[in-house]
Amino acid sequence: MAYWLIKSEPYKWSWDMHVKKGVQGWDGVRNYQASNNMKAMKIGDEAFFYHSNEGKEIVGIVEVVKLYHPDPTDEKGRFGMVSFKAIRPLKKFVTLEQIKATPALSGMALLKQSRLSVSPVTQAEWDCILSLSH
DNA sequence: GCCAACGTTGGC
DNA sequence: GCCAACGTTGGC
């Protein structure tokens with residue numbers, strides 16, 4: 001069981017939209033590193049849902065319900081996507097500011113590669129963020 | 001709205 | 001296969 005973090009700009013695709021829809025294919029990723037991270041995902045893996053630009057905070061948790069498959073929005077057929085189901089919102093959102101201020105989270109890919117939209121999260125980081133969300 | 005970081009494209 | 005030019009992301 002692995003953990004991940006996925007980013008979305010809330011005015012394009014927000015947590016609320018995802019909750020309303022239930023399951024959503026994570027289309028539109030056009031970056032090989034992000035794409036490779038999705039390839040490595042397994043059914044049941046969980047991911048934090050992060051709002052970039054507006055909010056800049058982790059707002060909820062989703063679960064992988066469909067493995068890497070072709071992304072219909074990619075005309076060239078080069079990129080794929082996984083599908084995520086919304087599981088639950090965090091009681092308290094965990095902001096980028098908090099993450100930066102927490103030494104245990106200083107190694108997160110979110111901070112080191114700010115432009116990477118799908119990144120891995122370690123068990124320790126996952127637990128730490130969950131503890132901040134209570 | 002600016003701009004740094006960085007990934008991608010395309011000419012050579 | 002290199003690398004300059006260009007485009008995009010995302011924090012500030």
Side-chain angles (χ1 to χ4, degrees):
Chain A
M1 162 93 162
Y3 299 104
W4 310 91
L5 182 144
I6 58 174
K7 292 202 262 192
S8 183
E9 300 179 65
Y11 54 87
K12 286 185 187 157
W13 184 254
S14 70
W15 170 254
D16 287 344
M17 293 179 205
H18 206 127
V19 167
K20 207 171 282 183
K21 179 120 185 259
V23 173
Q24 170 71 13
W26 206 248
D27 61 15
V29 173
R30 296 294 179 268
N31 171 285
Y32 287 107
Q33 221 182 326
S35 194
N36 282 336
N37 286 332
M38 287 200 290
K39 268 184 207 167
M41 291 182 188
K42 301 209 167 66
I43 302 288
D45 281 2
E46 293 185 340
F48 288 127
F49 192 113
Y50 175 84
H51 278 164
S52 61
N53 276 312
E54 284 172 33
K56 280 171 288 186
E57 57 199 0
I58 297 171
V59 294
I61 293 173
V62 297
E63 180 184 330
V64 177
V65 292
K66 189 171 177 187
L67 292 177
Y68 194 82
H69 57 288
D71 176 350
T73 68
D74 180 17
E75 299 113 20
K76 292 175 184 164
R78 283 192 290 187
F79 292 94
M81 63 183 190
V82 301
S83 297
F84 294 109
K85 181 171 140 199
I87 301 297
R88 63 184 168 89
L90 297 189
K91 271 186 210 157
K92 273 168 41 187
F93 298 164
V94 177
T95 65
L96 181 64
E97 203 179 352
Q98 280 179 282
I99 292 168
K100 280 185 171 171
T102 306
L105 300 176
S106 64
M108 282 190 75
L110 175 70
L111 301 181
K112 293 200 283 190
Q113 283 175 274
S114 63
R115 294 183 52 202
L116 186 59
S117 59
V118 180
S119 58
V121 173
T122 66
Q123 176 86 56
E125 289 162 352
W126 182 269
D127 292 342
C128 182
I129 288 168
L130 280 186
S131 73
L132 291 173
S133 74
H134 290 146

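The sequence lines fix the lettering, A, B, ..., with proteins before strands; numbering per chain opens at 1.
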Rounded to the nearest 0.5 Å, what separation is found between the [atom1] atom of [X] and the [atom2] atom of [Y]?
| X | Y | atom1 | atom2 | answer |
| --- | --- | --- | --- | --- |
| A:T122 | A:M108 | OG1 | CE | 7.5 Å |
| A:F79 | A:D27 | CZ | CG | 13.0 Å |
| A:N53 | A:K7 | CG | NZ | 9.0 Å |

Expressed in angstrom and rounded to an integer, what is the separation of [X] atom [atom1] from [N] atom [atom2]?
| X | N | atom1 | atom2 | value |
| --- | --- | --- | --- | --- |
| A:Q113 | B:dA5 | CD | P | 14 Å |
| A:K112 | B:dA4 | NZ | C1' | 19 Å |
| A:L110 | C:dG11 | CG | P | 7 Å |
| A:M108 | C:dG11 | CE | P | 12 Å |
| A:K56 | C:dC12 | NZ | C1' | 7 Å |
| A:E57 | C:dG11 | CD | P | 11 Å |
| A:Q33 | B:dG7 | CD | P | 6 Å |
| A:W13 | C:dG10 | CH2 | P | 17 Å |

I want to check one thing: is the phosphate of [N], taken as OP1 and OP2, less than 4.0 Å away from some side-chain N or O of [X]?
| X | N | value |
| --- | --- | --- |
| A:Y50 | C:dG11 | yes |
| A:K7 | C:dG10 | yes |
| A:K100 | C:dC12 | yes |

Under 4.5 Å between any side-chain heavy atoms of A:S117 and A:N31, yes or no?
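Counting from C-beta outward, A:S117 and A:N31 never come under 4.5 Å.
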Take the angle between the ring planes of A:F49 and A:H18 and call it parallel below 30°, perpendicular above 60°, tilted in between.
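Aromatic pair A:F49/A:H18 classed perpendicular.
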Can you tell which of [options] lies closest to the side chain of [X]?
| X | options | result |
| --- | --- | --- |
| A:R115 | B:dG7, B:dC6, C:dG11 | B:dC6 |
| A:R78 | B:dT9, B:dT8, B:dC6 | B:dT9 |
| A:N53 | B:dG7, C:dG10, C:dC12 | C:dG10 |

For A:N31, answer base if it contacts any base atom (sugar-phosphate contacts may also be present), sugar-phosphate if it contacts only those atoms, and nothing otherwise; contact means non-hydrogen atoms under 4.0 Å.
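The residue A:N31 makes sugar-phosphate contact but no base contact.
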